[in-house]
Amino acid sequence: MHSILILNGPNLNLLGTRQPEVYGSETLADIEARCRDKAADLGIELAFAQSNHEGTLVDLIHESRGTHAGIILNAGAYTHTSVALRDAISSVELPVIELHLSNIHARESFRHVSHIAPVALGQICGFGSAGYLLSMDAMLSHLTQKPPS
Ligand code: CA2
């Protein structure tokens with residue numbers, strides 16, 4: 001059975017409390033519950049984590065090697081700043097899907113830069129919380145080399 005990690009970065013613990021027009025009204029716990037339902041449907045194991053700390057995110061990426069088959073990463077604002085996260089992703093040699101709730105390319109110019117994108121399998125953004133579920137389909141498709149049904 002494949003195991004995947006969905007990893008969330010800074011401030012995503014605040015989902016559902018502010019800026020619903022940008023990030024939706026669901027909490028991160030709501031999204032996790034939907035991901036867990038989908039993981040059961042897909043027959044995969046799911047780990048789901050959030051941290052506001054860059055070093056903790058780096059540690060969790062390192063620890064994924066040998067534990068998880070792939071990582072879905074919403075690195076939040078660290079997407080646009082963190083060479084450390086990029087290097088961690090390169091070092092573990094696991095497929096990583098970069099995920100964002102909002103369409104970062106349609107927002108402020110500083111959000112158009114991603115240090116994750118060059119080392120990611122691909123990027124899903126702009127679909128709100130549905131992006132988490134789409135990313136799970138994309139990851140399983142990649143891991144099994146089958147198109148999503
Ligand atoms: O769209 C995304 O998923 C982002 O990764 C979210 C980050 C942002 O810095 C990225 O550019 C795009 C911000 C997450 C902050 O989430 C909040 C949720 C509620 C209230 C305040 C912040």
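All residue numbers refer to positions in the sequence shown, counting from 1. Counting starts at 1 for both ligands and their atoms, following the listed order. Quick caveat, the model's predicted, so the values are computed rather than measured.
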**OP:** Report the nearest protein non-hydrogen atom to atom 21 (C) of ligand 1: residue, atom name, distance rounded to 0.1 Å.
**Re:** Gln19 OE1, 3.6 Å
**OP:** Return a yes/no value for Arg18: is any of its N or O atoms, backbone included, closer than 3.5 angstrom to an N or O of ligand 1?
**Re:** no
Original post:
Hey, are His80 and Glu108 close enough side-chain-wise for a donor-acceptor pair under 3.5 Å?
Top reply: no
**OP:** Please could you name the atoms of ligand 1 that His80 approaches to less than 4.0 Å, counting only its heavy atoms?
**Re:** 10 (C), 11 (O)
**OP:** Measure across Pro10 and Ala75 and return the closest heavy-atom pair with its distance rounded to 0.1 Å.
**Re:** CD-O, 3.4 Å
**OP:** Check the side chains of Ser114 and Glu98 for a donor-acceptor pair under 3.5 angstrom, ignoring hydrogens and angles.
**Re:** yes
Original post:
Got the closest protein heavy atom to atom 1 (O) of ligand 1, with its distance?
Top reply: Ser102 OG, 2.5 Å
Original post:
Looking at Gly9 and Gln50, what are the two nearest heavy atoms and their distance?
Top reply: O-NE2, 3.1 Å
Subject >> Residue and atom name of the nearest protein heavy atom (relative to atom 9 (O) of ligand 1), distance in Å to one decimal >> reply: Arg111 NH1, 2.9 Å
**OP:** Could you name the option among Gly9, Pro10, Gly76 that has the heavy atom nearest to atom 7 (C) of ligand 1?
**Re:** Gly76
Original post:
Strictly under 4.0 Å, does any heavy atom of Thr79 approach an atom of ligand 1?
Top reply: no
**OP:** Report the C-alpha separation of His68 and Ser3 in whole Å, then their side-chain angles, then the decisive distance to 0.1 Å, and conclude whether the side chain to side chain donor-acceptor pair (under 3.5 Å) test is met.
**Re:** CA-CA 5 Å; His68 302 296; Ser3 174; 2.8 Å; yes
Original post:
Do His100 and ligand 1 have an N or O pair less than 3.5 Å apart?
Top reply: yes
Original post:
Is Leu101 close to ligand 1, meaning an N/O of one under 3.5 Å from an N/O of the other?
Top reply: yes
**OP:** Answer yes or no: does an N/O atom from Tyr23 fall short of 3.5 Å to an N/O atom of ligand 1?
**Re:** no
**OP:** Considering the heavy atoms of Ala77, write down every atom of ligand 1 situated less than 4.0 Å from one of them.
**Re:** 9 (O)
**OP:** Check the side chains of Tyr132 and Asn8 for a donor-acceptor pair under 3.5 angstrom, ignoring hydrogens and angles.
**Re:** yes
Subject >> Nearest atoms (heavy-atom pairs only) where His112 meets Arg107 >> reply: NE2-O, 2.8 Å
Original post:
Between Arg107 and ligand 1, does any nitrogen or oxygen pair lie at a separation below 3.5 Å?
Top reply: no
**OP:** Around atom 15 (C) of ligand 1, find the nearest protein heavy atom and jot down its residue, atom name and distance.
**Re:** Asn11 CB, 3.6 Å
**OP:** May I ask you to check whether Thr27 and Asp30 show a side-chain donor-acceptor distance below 3.5 Å?
**Re:** yes
Original post:
Among protein heavy atoms, which lies nearest atom 14 (C) of ligand 1, and at what distance?
Top reply: Leu12 CD2, 3.8 Å
**OP:** Over all heavy atoms of both residues, which pair between Met139 and Ile97 is shortest? Give the atoms and the distance, please.
**Re:** N-CD1, 3.6 Å
